[in-house]
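This structure is a prediction, so every number in the text was calculated from the model and none was measured.
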Amino acid sequence: MPTTHTYQTGQHSYTEVKHTGYGERVGNSFCNAVFGVVLVPLTCALIFWNETNAVASAQELAWLRHETEVLGSATAPPDLAALAGRPVHMTGPVVGEPLTDATQTYRLTLDAAVLKRRVEMFQWQERSRTKSEKNLGGSTTQTKHVHYETSWSSSHHSSAHFKLPGHENPPMMPDTSLTASSVTLGWARLGNDVINALPTATVLVNRGMFGAADEYGAILNGGQVYMGYNANSPAVGDLRISYQAYESGELATVVGVIHEDGVITGAKGSVLPLVVRGHQSVHEVISSAETTNTIQCWGIRAISIIVMYFAILMCASPISTLADVVPFLGWLTGFVTGWLALIPALGISLSVMAFAWMWARPMLSFGMLVAVILLFIFANPKKAPERPKSA
């Protein structure tokens, strides 16, 4: 077991020194290796899903570009029986209902399709910096400097694990989301998945929508609700509450599946619904979705390769840990394995990507493979055997 010593260095800070022996470090490295072995196939699965999902989404978006029925801002419903189950494009003002967020201290009412409460609390937060040193013989000494400071945060920092007393955080009001029971876009009603996809925007709270039960417990401050006594000098436990909404009357553009009852929804396993703020043509909506699909695909590719690299490093961690009996030798071994890990990380990742493409687009992949083989053959023609020279 590692030995730990804690020294208080101030009213809001302390230093923790932990010594870990060589044997325990070797044991931990083998545990890391096991986790790395498990992480490799999981990362392969993520890569495969990402590639096949990106291809499927791109194919569906290309299909939607030509097959979506453009209804625009039509005020009268078309023949719904004929359109049922087909993708449609509609644009117009969203109409919701009065939504009320009622707390013990105040009430806020706004006519909207969606109303979201976002809470920040002024609270104690733990900050730390750690320095680790390897010792001759393979042990390590880790020095951790910890201090506490107050600042605003949208996440609750539990003080249950804080080691220094006097830094307790109270419970925090949770975020919440309210949705209108019925939301319409022109003559059509929007399904829950479409409503949840509406891109909300920040709302500046004013007196017309705000009512406080206790003027000292909740006040308006810069378009937000402030719960505390002095917004200019916050105390631990004070709250800043902002709101986001999609207000009634705001324009929206929706591409989704229309049903016989006049409800527009998404489709399971589909890119639909596509919802944007304001008026956009069907081509603009789909082009934006294609860009998002490309960015998401490349982002997950990059993350997957990085995760694969660290998984390979974890598999090799016992090698550098065993060599740590001499610190310089351990550093050198870690440096070499760090560079060598790039080869299998890239090799495995790119191989899975290629396999996923062959799975998702077999004909295209087969055609590309044939083209590469033919190119190789024609680029390296066989030379005819030379005839022996006559004497």
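- Side chains of Gln125 and His157: a donor-acceptor N/O pair is present below 3.5 angstrom, by distance only.
- Annotation: cation-pi pair Arg277/Tyr246 present, NZ/CZ under 6.0 Å from the ring centroid and within 45° of its normal.
- Counting only N and O atoms by type, the side chains of Ser304 and Thr43 include no donor and acceptor under 3.5 Å apart.
- Note on ring orientation: taking the six-membered ring where Trp is involved, the planes of Phe210 and Tyr106 are tilted (angle from 30° to 60°).
- When all heavy atoms of Pro87 and Leu272 are compared, the closest pair comes out as CB-CD1, 4.4 Å.
- Under 4.0 Å is where a charged nitrogen must lie from a carboxylate oxygen, and between Lys131 and Glu133 at least one such pair does.
- Ring orientation note: the planes of Trp359 and Phe355 are tilted relative to one another, at an angle of 30° to 60°.
- At least one side-chain heavy atom of Leu178 sits less than 4.5 Å from a side-chain heavy atom of Asp101.
- Here the side chains of Tyr22 and Leu322 are in contact, with some heavy-atom distance below 4.5 Å.
- Ring planes of Tyr148 and Phe162: tilted class, angle from 30 to 60°.
- Using modelled atom types, one finds a donor on one side chain and an acceptor on the other under 3.5 Å when comparing His259 with Thr265.
- Between Pro170 and Val236 there is a side-chain heavy-atom pair separated by less than 4.5 Å.
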